[in-house]
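One-based numbering, in listed order, for ligands and for the atoms of each.
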Amino acid sequence: VGVPHPASRLVALALKPDCIQCLQCLPILSAVYNTYLKYHFVSAFWKEVADDFFWKKPATGPMLQYNFDVTIGNIYVKCMEGAKTNMCYNVLDRLVRERNLGEKVAYYWEGNSPDHHMAITYSQLLSQVCRCANVLKKMGVKKGDRVSIYLPMIPELVYTMLACARIGAVHSIVFAGFSSESLCERIMDAQSSVLVTADGVYRGEKLINLKQIADEALEKCREIVTKCLIVKHHALRTKSGAASNIMTDFMSGICSLFWCVQTPWDSECDVWWEEVMRDSPEECEPEWLDAEDPLFILYTSGSTGKPKGVLHTVAGYLLYTSLTFKYVFDHHHDDVYWCTADIGWITGHSYITYGPLANGATSVLFEGIPVHPHVGRFWEIIEKYKVTKFYTAPTAIRLLMKYGREPLYDLSSLRILGTVGEPINPEAWQWYHEAVGKGRCPVVDTFWQTETVKHSYLTLNPHLIFQTFPFFGVEPTILNEHGEELEGEAEGYLVFRRPWPGIMRTVYRNHERFENSYFKKFPGFYVTGDGCRRDKDGYYWITGRTDDMLNVSGHLMSTAEVEAALTEHPAVAEAAVVSRPHKVKGECLYCFVSLKDSREFTHTLVEELKRLVREKIGPIATPDFIQNAPALPKTRSGKIMRRILRQIARNEKDLGDLSTLADPKVVEELFSQRCEAA
Ligand code: 6R9
């Protein structure tokens, strides 16, 4: 098509083999491709993107300023300096007032039980958000204050985060599956003055007492948190999801009443959401913030074990989540979009709340799990709401693959399928494409991170698996161990050469850690921590983490964090954790523990250790395998050789060079005791 850039392969590869005869679509593809180039390389286009939104004051500085080189000075990224705006105004008021979308459904909320559901329009959302914003203000929350949110996937979660955005408070959402310790650690780091939680929630058949977990967390941070706002969700809305009849309704009524009465209460601090929201006014003037004011903190695992508070700012995040949503999911006004992630993770922040709302989209907000009350729940919801765009994770696809796609449900509304969270294996891709998308729907594989907030890469091509192409403005490259850029077919460290508006700005209260984690290893580049291969056609394939991180069911955690939990047990002297492939989770935890003298490795100890990790971090970190390791393979300088442990866990006998090992006999012994089954 005469475009002198290697990216022209995008067009070439988008053609099916029989296109070679017809070529009628070439002018269209060529136009699409030229637009891609313009968006990708012409910086003026940021200005065009910004024009869609409301700015109380225009920018005085350029669209983007940055330094990515630690050897020159501090790392910084600034977008639209001098501009003033408000995220909440842009995603709600602008649509209700300027675009007349008040009556449009913003969310179809679908509860854990199919009996619970509701539709929320944009104007209803705006009024709930304003009321919540006034409640927070009354509790003393001001611009710049942090609010921790520990809520399940209920509308109040969206109301609270947008209420924070409206008044300029910084939300810090903690996934409601995390333990009290994890919650406490995040509250302390963020120094949040308010915690918002719920009485309890059913996840599938399991009741989780959120208030009790929150209370345990608050025990250690009472002097920081002055108010705890509690949504009466379990008591008012939920049942176990069992078929409803007079008897079960009566019983659940009694249980709810009992639950309310028995909820532990600290009258100094605790406030029921329903009580304060009832009389709260529906008008709340937005706080006009600087473009670079913080919008939220979201904690992600760090390789040293302590979670990092990734900080994002208002203007850049608005531009990027809205733009990526619009193009990656080819958003149309009549779409019904569903992202199955939890808002407690970045995918939910960007692609359940901010990105879809900024585009005036209608989304499904789902509280439950894929297999409750039956394994066809996802398909049932797609049919019920006629979902057109569906975004999920490989781990969910692999889980559902096990049961096969029930033909009972009509999925003909689907137009685009998306995946995120970890590399998708060919089998899962194939099944997603054929059984779910019936071969008609493009699968967009979106690689990105809590830190990058946006789809750094995506597959635009429905006919080919995996190949990924950088999103507008993203310039990836591959480096070897010495930091040299690799050309052509190559494998190495995936890095980015320049920023885009939505990249993280700092680690909250620890800018040094931000620079050390992402910019020190290869000065001049943002280091993703992922490995990557470029094939002969110039496409990028993400190969997985290159650091001490594990990706279990799409959730990142650090080996150090799990090891720290294990070594808290009095019987454990040392622990080393590696990943082992898992059919559904992608990766699972395989832990080696060395016990203190005279301690015995028993089944009870294994169970105790699993419980300990669950309590310290949360159920997602529960180890699948725990192996007794009388000694660990170490280098002469005392470093644990995780590469070898990984190979033992995976039963890979070809261990390569063991010359740096202090005692090679250790390896044989560990091999002989390896766990076969969980
Ligand atoms: C959005 C999100 C980020 C890490 C990332 C990488 C892995 C995410 C992926 C993928 C291959 C994809 N990852 N999406 N790997 N293909 N499509 O998951 O953010 O929780 O911060 O995890 O997840 O390893 O570096 P986060």
Side-chain angles (χ1 to χ4, degrees), residues 173-175 177-178 296-303 307-312 317 320-321 324-325 328 339-355 391-398 417-426 428-429 432 443-460 465-471 474 476 493-496 502-504 507 514 517-518 521 526-533 539-559 561 579 581 585-587 618 620-621:
I173 300 179
V174 181
F175 170 57
F178 272 128
F296 67 83
I297 304 166
L298 181 59
Y299 286 86
T300 181
S301 290
S303 45
K308 286 182 285 206
V310 169
L311 186 123
H312 285 286
Y317 187 80
Y320 245 83
T321 48
T324 44
F325 177 79
V328 173
C339 168
T340 67
D342 192 291
I343 293 180
W345 306 106
I346 192 66
T347 306
H349 279 61
S350 298
Y351 300 109
I352 296 181
T353 306
Y354 293 111
Y391 192 27
T392 194
T395 183
I397 299 169
R398 286 191 296 264
L417 303 173
T419 151
V420 60
E422 57 184 306
I424 183 165
N425 51 310
W429 192 98
Y432 198 28
V443 176
V444 286
D445 181 5
T446 59
F447 164 85
W448 55 293
Q449 308 178 301
T450 304
E451 298 85 339
T452 61
V453 144
K454 53 168 294 268
H455 304 132
S456 315
Y457 282 100
L458 59 145
T459 312
L460 291 170
I465 306 178
F466 288 127
Q467 294 90 342
T468 48
F469 217 74
F471 194 75
V474 174
Y493 295 91
L494 173 66
V495 299
F496 295 118
I503 196 166
M504 73 183 284
V507 169
F514 168 63
S517 308
Y518 305 100
K521 191 174 170 83
Y526 167 88
V527 182
T528 59
D530 284 292
C532 182
R533 184 164 68 78
Y539 283 97
Y540 290 83
W541 302 53
I542 311 297
T543 53
R545 300 295 304 181
T546 53
D547 52 14
D548 291 336
M549 304 291 275
L550 303 151
N551 192 330
V552 179
S553 301
H555 303 314
L556 272 195
M557 58 192 81
S558 74
T559 53
E561 171 175 33
S579 72
K585 302 183 197 174
E587 286 182 349
I620 44 165

heavy-atom search around atom 11 (C) of ligand 1 in the protein gives P423 N, 3.1 Å
Compute the minimum heavy-atom distance from W448 to ligand 1 and say whether it is under 4.0 Å.
-> yes
Are [X] and [Y] side-chain neighbours, meaning at least one heavy-atom pair lies under 4.5 Å?
X: V552; Y: I620; value: no
X: S350; Y: Y317; value: yes
X: C339; Y: T347; value: yes

Look at the aromatic rings of [X] and [Y] and report parallel, tilted or perpendicular, splitting at 30° and 60°.
X: H312; Y: F296; answer: tilted
X: W345; Y: F175; answer: tilted
X: Y351; Y: F325; answer: parallel

With a cut-off of 4.0 Å, which atoms of ligand 1 are near a heavy atom of [X]?
X: I346; answer: 1 (C), 19 (O)
X: T347; answer: 1 (C)
X: N551; answer: 7 (C), 23 (O)

[X] N/O under 3.5 Å from ligand 1 N/O:
X: G421; result: yes
X: D445; result: yes
X: Q449; result: yes

Looking only at non-hydrogen atoms, the one of T450, T546, T446, T528 nearest atom 19 (O) of ligand 1 is T450
* To do: From atom 24 (O) of ligand 1, work out which of I542, L556, D530 has a heavy atom at the shortest distance.
  =>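 Selected option, by shortest heavy-atom distance: D530.
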- Query: Looking only at heavy atoms, is any part of E422 under 4.0 Å from ligand 1, and if so is it the side chain, the backbone, or both, or is it neither?
  - Reply: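 For E422, the contact with ligand 1 is made by the backbone alone.
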**Message:** Checking contacts here: is it the side chain or the backbone of H555 that comes within 4.0 Å of ligand 1, counting heavy atoms only? Could be both or neither.
**Reply:**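 It is neither; nothing of H555 touches ligand 1.
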Q | Chi angles and distances behind the side-chain contact (heavy atoms from CB on, under 4.5 Å) call for D530, R545 | A | CA-CA 4 Å; D530 284 292; R545 300 295 304 181; 3.3 Å; yes
Requested in this report: May I ask you to say whether R398 pairs ionically with E422, meaning some side-chain N is under 4.0 Å from a carboxylate O?
Outcome: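 E422 and R398: salt-bridged.
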